[in-house]
Each structure stands twice: as C-alpha cells, then as structure tokens.
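Labels below follow one simple rule: chain letters A, B, ... track the order of the sequence lines, proteins then strands, and each chain is numbered from 1. Keep in mind that this is a model prediction, so the values were computed, not measured.
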There are 2 protein chains.
Amino acid sequence: MSTQAPAPTRREQILKEAARLFAERGFHGVGVDEIGAAVGISGPGLYRHFAGKEAMLAELLVGISGRLLAGGKRRAAEVPEGERDPAAVLDSLVRGHIDFALDDRPLIVLHDRELDRLRDTDRKLVRSLQRQYVELWVQVVCEVHPRLSEAEARACVHAVFGLLNSTPHLSRPGALPGRAATAELLHRLALGAFRAAADGSGPASGEGGGGV
Amino acid sequence: MSTQAPAPTRREQILKEAARLFAERGFHGVGVDEIGAAVGISGPGLYRHFAGKEAMLAELLVGISGRLLAGGKRRAAEVPEGERDPAAVLDSLVRGHIDFALDDRPLIVLHDRELDRLRDTDRKLVRSLQRQYVELWVQVVCEVHPRLSEAEARACVHAVFGLLNSTPHLSRPGALPGRAATAELLHRLALGAFRAAADGSGPASGEGGGGV
DNA sequence: CAGCGGCGTTAGTGGTCGTTAACCTGGTGG
DNA sequence: CCACCAGGTTAACGACCACTAACGCCGCTG
C-alpha cells in the first residue's frame with residue numbers, strides 16, 4: 001500500500017549512505033571508497049551516478065532545504081477549518097520540523113554543518129531556500145507574538161532551530177522513552193521558548209522572585 | 001592594569017587562529033600551512049609548539065570543556081546570600097553559558113562538531129568533562145522543576161544547549177541590536193523552555209486554545 | 001545473433017597534506 | 001667570544017584521495 005517506498009534506487013541508496021557518513025565524520029573525512037563500500041560497490045563506481053563527491057553533498061543539501069521549505073509552505077497554507085489561527089500554524093510548523101529532525105537526523109546535521117563545502121552556485125541556492133524557510137517562520141512568529149520585533153523574532157527562530165536540531169546530540173540510546181515522548185518534549189520546549197521571549201519585554205523580569 | 005592579557009603567547013595565538021579556522025572550514029578542511037600563515041609563520045614552524053595538528057584540536061576541546069565545567073561548578077557553589085535558591089543557580093548557569101557562547105563562538109562550534117577527530121584518550125577525556133557539565137545542569141534543573149524526570153531534564157538540557165549554541169548561526173551582522181540584547185533574549189528563551197517543559201506534563205496541553 | 005548501453009571493475013595519475021629532516025639565526029649566560 | 005637553544009626556514013617524503021582511463025559483463029532490442 002505504500003505508494004513509492006519498495007524499491008530504492010541506487011542513487012537513493014548512495015545518497016542515504018553518503019548522508020550518514022558525512023554526518024558522522026564530516027565531508028572531508030569520508031572517502032569515495034567508503035561511500036561506495038557502504039552500498040556494495042567500490043570507489044569510482046559512484047561516478048556512474050554522480051558527477052563527483054561534491055555533487056552528492058549538493059543534492060543532499062538542496063534536497064533537504066527544499067523539502068523543509070515545501071513542507072513549511074504547505075503547513076502555512078492549509079488552515080484546517082477556515083479559521084486564520086496563527087498559533088495553530090506555528091504549532092504545525094514546529095511539529096513538522098520535529099518530524100524532520102527525528103527522522104532525517106543525518107541530513108539535519110549536514111544542513112548547518114557542511115554548507116560551506118559547496119560551490120558558490122549551490123551554496124547560494126541552499127542559502128536562499130534556508131532564508132525563505134526562516135522568513136516563513138518569522139512571519140508566523142510575529143503574528144503569534146506581536147510584541148516581538150522582526151529582528152527579535154528572527155533570532156528566536158534561529159535559536160529554536162538550534163533547540164530542535166539538538167536531537168542528534170541525545171542520540172545515545174536510553175536517553176528518552178520513545179519517539180513520541182521526545183517529540184512532545186521538544187514541542188513544549190520550542191513553544192515555551194517563543195512564549196517566554198515574547199512575555200517578558202522588560203529587563204530580566206519574568207523570573208527571579210516570580211519564578212518561585 | 002589588565003592582569004594577564006597584554007602579551008599573548010605564540011601558543012595562544014596559534015590556538016586562537018586554529019580555532020577560528022577549524023570552526024570556519026572544519027578540521028580536515030584546514031591545512032597546517034594556513035594555520036601557520038594566520039600567525040605569521042609558515043607551515044612546519046607550528047611543530048615547535050605542538051606535536052601535531054590533532055594536538056591543537058585536543059588542547060582546544062579539552063580547554064573549553066574544562067573551562068565550561070569549572071565555570072559551572074563555581075557558579076553552582078557560590079550561593080550569593082546563603083539562601084539555597086536553585087532557580088538563582090540555574091539563572092547563573094544560563095548566563096555563564098551565554099557568555100561563553102557569545103565570546104568564544106569558534107570554540108563553541110568546535111566543541112560539538114569536531115569531537116570525533118580526536119584520539120580515543122583525548123575524546124574520552126572531553127566526553128567525560130562534557131558529561132559532568134551536563135549532569136551539573138541536570139541536577140539543578142531537577143531541583144528547580146521537580147516534575148521533570150531525570151531523563152526528561154537531561155533531554156531538556158541538551159536541547160537548551162542547542163538553543164544557546166545557536167548564536168553562531170545568527171552571526172550575520174545586523175541580526176540583533178547588541179550583545180546585551182542578544183544575551184537577554186537567549187536568557188528568556190532558555191528559561192522559558194525549561195519552564196514550559198515542566199509545566200505541561202499532560203499530552204499536548206498547555207497550548208491550543210490556552211495559547212490565545 | 002549482433003550491437004549496444006547501463007553499470008561495474010581495476011590500474012593509474014596528479015595533487016594535496018601532515019610530518020620529518022636539515023639547516024639557519026639572533027639573543028643570552030658563562 | 002663562544003656555545004647554545006628557542007624558534008624559525010626550505011626541501012623532501014610518504015600517504016591519501018578525488019578523479020580518469022580502459023576494459024568487462026549482462027540484459028535488452030532489432
């Protein structure tokens with residue numbers, strides 16, 4: 001019943017293994033022979049599928065940036081019941097990003113770690129996609145929390161991305177009961193961070209004596 | 001009048017520039033000639049000061065992990081007015097980490113990005129220091145928010161580290177007015193995330209209709 | 001069956017990089 | 001004045017690595 005999963009293409013195998021290896025040891029730390037070995041072929045056989053090692057990284061980064069943006073746009077567009085509820089949209093964005101972070105961990109790692117290893121053209125494209133994605137969030141955050149300036153909202157969005165993308169670090173098994181609990185926890189953390197940023201606009205208020 | 005800043009040692013120059021370059025282009029992406037050029041000497045001259053390229057990375061990572069832990073222990077020990085106030089300790093931990101993240105950006109980047117390029121011995125040492133630092137936070141977070149289990153608190157701590165360490169990403173100038181404002185914003189975000197994680201323990205509550 | 005194109009293979013090549021070797025030099029203490 | 005040493009220099013070496021060349025196998029189509 002799955003529409004398009006049964007037979008992964010060679011290209012897809014290669015991309016998947018390359019993503020894992022790049023995330024583990026860094027772009028420069030992985031040789032083409034290793035990538036080939038990971039999919040059962042050896043070394044230069046990869047060049048039948050990709051123009052070079054960098055082309056693999058480019059396709060990975062463009063792919064994930066594009067999918068993140070597309071998913072975000074979709075979620076921002078589909079307002080479930082005709083009611084224009086920005087909080088629900090932000091909620092959906094957070095959930096979508098969490099799904100990405102939990103399911104495509106290697107790509108999330110690469111996404112903000114190996115961007116500078118790309119040629120100018122590809123890097124600009126990826127950066128453009130990333131920027132659009134960020135701006136999408138910024139717009140929604142500004143709607144939900146009007147007290148935040150746009151610059152503040154942007155900083156908050158970056159910070160929350162850092163928060164959500166931290167999942168690779170708690171990869172040690174046994175860290176959390178299960179995927180659902182982790183997702184729920186991240187969701188609370190992210191929304192709580194936004195709310196706290198918007199609540200206390202005065203200096204250092206919002207906690208201290210009030211926290212007790 | 002500054003007690004120990006005026007004359008940076010060659011070693012310190014090298015470490016500083018190496019940290020910057022490693023953070024910019026990755027450990028494998030930087031050659032020893034570049035590091036040498038950055039401090040005005042050329043290539044193999046570095047070997048008068050370090051046993052090898054990896055030794056520089058090791059010293060950087062051990063150094064920052066140790067300083068983070070030491071600073072955390074100090075802040076956890078000094079209870080300002082004799083009152084055992086966990087919230088104040090957590091507040092201090094957050095501020096200390098923010099100072100680190102804002103002032104030693106390259107090191108923060110390296111700290112969780114190039115750890116795997118170390119030999120077993122050094123890597124174990126760094127990991128041990130990191131673990132102690134995390135556990136320090138976990139303990140305090142559990143005191144401040146008793147509703148969180150230890151595993152949950154640990155996940156929250158990792159996530160908040162990701163949040164605080166996200167500052168390198170908003171390095172684009174003009175992102176935020178100034179250092180103080182950024183620090184204040186990060187502070188609110190971090191504490192708000194902790195509070196939100198502890199507040200809503202039920203499923204998906206805490207927002208939705210309540211968010212409005 | 002002939003031809004051919006997709007997909008691999010192994011061998012080789014040019015270049016880069018970390019590291020070592022051998023040598024030089026300016027200041028300093030006896 | 002001399003020996004020495006910390007801290008440089010350039011040249012060279014060996015390993016690695018991305019990529020190319022040349023070739024082989026197999027399934028398809030006419």
Side-chain angles (χ1 to χ4, degrees), chain A residues 6-62 106 110 113-123, chain B residues 6-62 106 110 113-123:
Chain A
T9 279
R10 241 306 116 92
R11 273 183 73 91
E12 293 168 327
Q13 285 182 52
I14 295 172
L15 284 176
K16 181 178 175 182
E17 296 302 312
R20 185 177 56 82
L21 290 168
F22 288 160
E24 277 176 12
R25 299 210 282 284
F27 179 69
H28 290 295
V30 180
V32 291
D33 291 355
E34 293 178 83
I35 304 174
V39 298
I41 73 181
S42 205
L46 297 171
Y47 287 77
R48 300 288 169 192
H49 303 275
F50 294 93
K53 193 176 141 188
E54 193 194 274
M56 302 179 208
L57 183 64
E59 189 155 328
L60 285 171
L61 292 185
V62 172
L110 290 183
R113 188 169 293 193
E114 307 282 356
L115 180 61
D116 297 325
R117 280 71 182 172
L118 260 50
R119 291 195 207 289
D120 267 27
T121 312
D122 298 318
R123 192 173 56 242
Chain B
T9 280
R10 239 309 111 93
R11 273 183 72 90
E12 292 169 326
Q13 287 183 49
I14 295 171
L15 284 175
K16 182 177 174 182
E17 295 302 312
R20 185 178 55 81
L21 289 168
F22 288 161
E24 277 176 11
R25 301 210 280 284
F27 179 69
H28 291 294
V30 180
V32 290
D33 292 356
E34 293 179 83
I35 303 174
V39 298
I41 73 182
S42 204
L46 297 171
Y47 287 76
R48 299 289 169 193
H49 304 274
F50 293 94
K53 192 175 143 189
E54 194 194 274
M56 303 179 207
L57 183 65
E59 190 155 327
L60 286 170
L61 293 184
V62 172
L110 290 184
R113 187 169 295 195
E114 307 281 357
L115 180 62
D116 297 325
R117 279 73 182 169
L118 261 51
R119 292 196 207 288
D120 267 26
T121 311
D122 298 318
R123 192 173 56 243

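The separation between A:R119 atom CZ and D:dA18 atom C1' is 12 Å, rounded to whole Å. Atom pair B:R117:CZ and C:dG18:P shows a separation of 14 Å (rounding to whole Å applied). Regarding B:F50, its CZ atom lies at a distance of 12 Å from the P atom of D:dG8, rounded to whole Å. A:R11 has its CZ atom 17 Å from the C1' atom of C:dG8, to the nearest Å. Atom-to-atom, NZ of A:K53 to P of D:dC16 comes out at 15 Å; the value is rounded to the nearest Å. Regarding B:D33, its CG atom lies at a distance of 15 Å from the P atom of D:dG8, rounded to whole Å. Straight-line distance from the NE2 atom of B:H49 to the P atom of C:dT20: 16 Å, rounded to whole Å. Note: CG (A:L46) to C1' (C:dT10) measures 15 Å, nearest angstrom.
When all heavy atoms are compared, the tightest approach of A:L115 to A:L61 is CA-CD1, 3.9 Å. For the pair A:R117 and A:F27, the tightest heavy-atom approach, listed with the atom from each and the gap, is CG-CD2, 3.7 Å.
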Could you check B:E59 against B:M56 for side chain to side chain contact (heavy atoms under 4.5 Å, CB included), going step by step and ending with a plain yes or no?
CA-CA 5 Å; B:E59 190 155 327; B:M56 303 179 207; 6.0 Å; no
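For B:R48, the listed nucleotide lying nearest its side chain is C:dA22; candidates were D:dA18, D:dT10, C:dA22. With D:dT9, D:dA18, C:dG18 as the choices, the nucleotide that has an atom nearest any side-chain atom of A:Y47 turns out to be D:dA18. Comparing D:dT9, C:dT9, D:dG8 against the side chain of B:R10 picks out D:dG8 as the nearest.
Nucleotides of DNA chain D nearest to A:E34 and B:P44 differ in position, and the one nearer the 5' end is that of B:P44.
B:R48 pairs by the side-chain hydrogen bond (donor to acceptor under 3.5 Å, both in side chains) definition with nothing, not counting sequence neighbours.
Here A:G31 lies in heavy-atom contact (under 4.0 Å) with sugar-phosphate atoms only. Contact annotation for A:G52: backbone-only contact, meaning every heavy-atom pair under 4.0 Å involves sugar-phosphate atoms and none involves a base. Note on B:V39: nothing from the nucleic acid sits closer than 4.0 angstrom, heavy atoms only.
Atom CZ of B:R113 and atom CZ of A:R113 lie 5.5 Å apart (nearest 0.5 Å). Between A:R123 atom CZ and A:E114 atom CD the span is 13.0 Å, to the nearest 0.5 Å.
Dashed line: the shortest gap from a side-chain N or O of A:H28 to OP1 or OP2 of D:dC17 is not under 4.0 Å.
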Show me the donor-acceptor pairs, under 3.5 Å and distance only, between side chains in residues 14-26 of chain B and residues at least two apart or in other chains.
residue: B:E17; atom: OE1; partner: B:R20; partner atom: NE; Å: 3.2
residue: B:E17; atom: OE1; partner: B:R20; partner atom: NH2; Å: 2.7
residue: B:R20; atom: NH1; partner: B:E24; partner atom: OE2; Å: 3.4
residue: B:R25; atom: NH2; partner: B:E34; partner atom: OE1; Å: 2.0

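Comparing the helix axis at one end of the helix from C:dC1-D:dG30 to C:dG30-D:dC1 with that at the other, each defined from 5 consecutive pairs, gives an inter-axis angle of 0° (nearest 10°).
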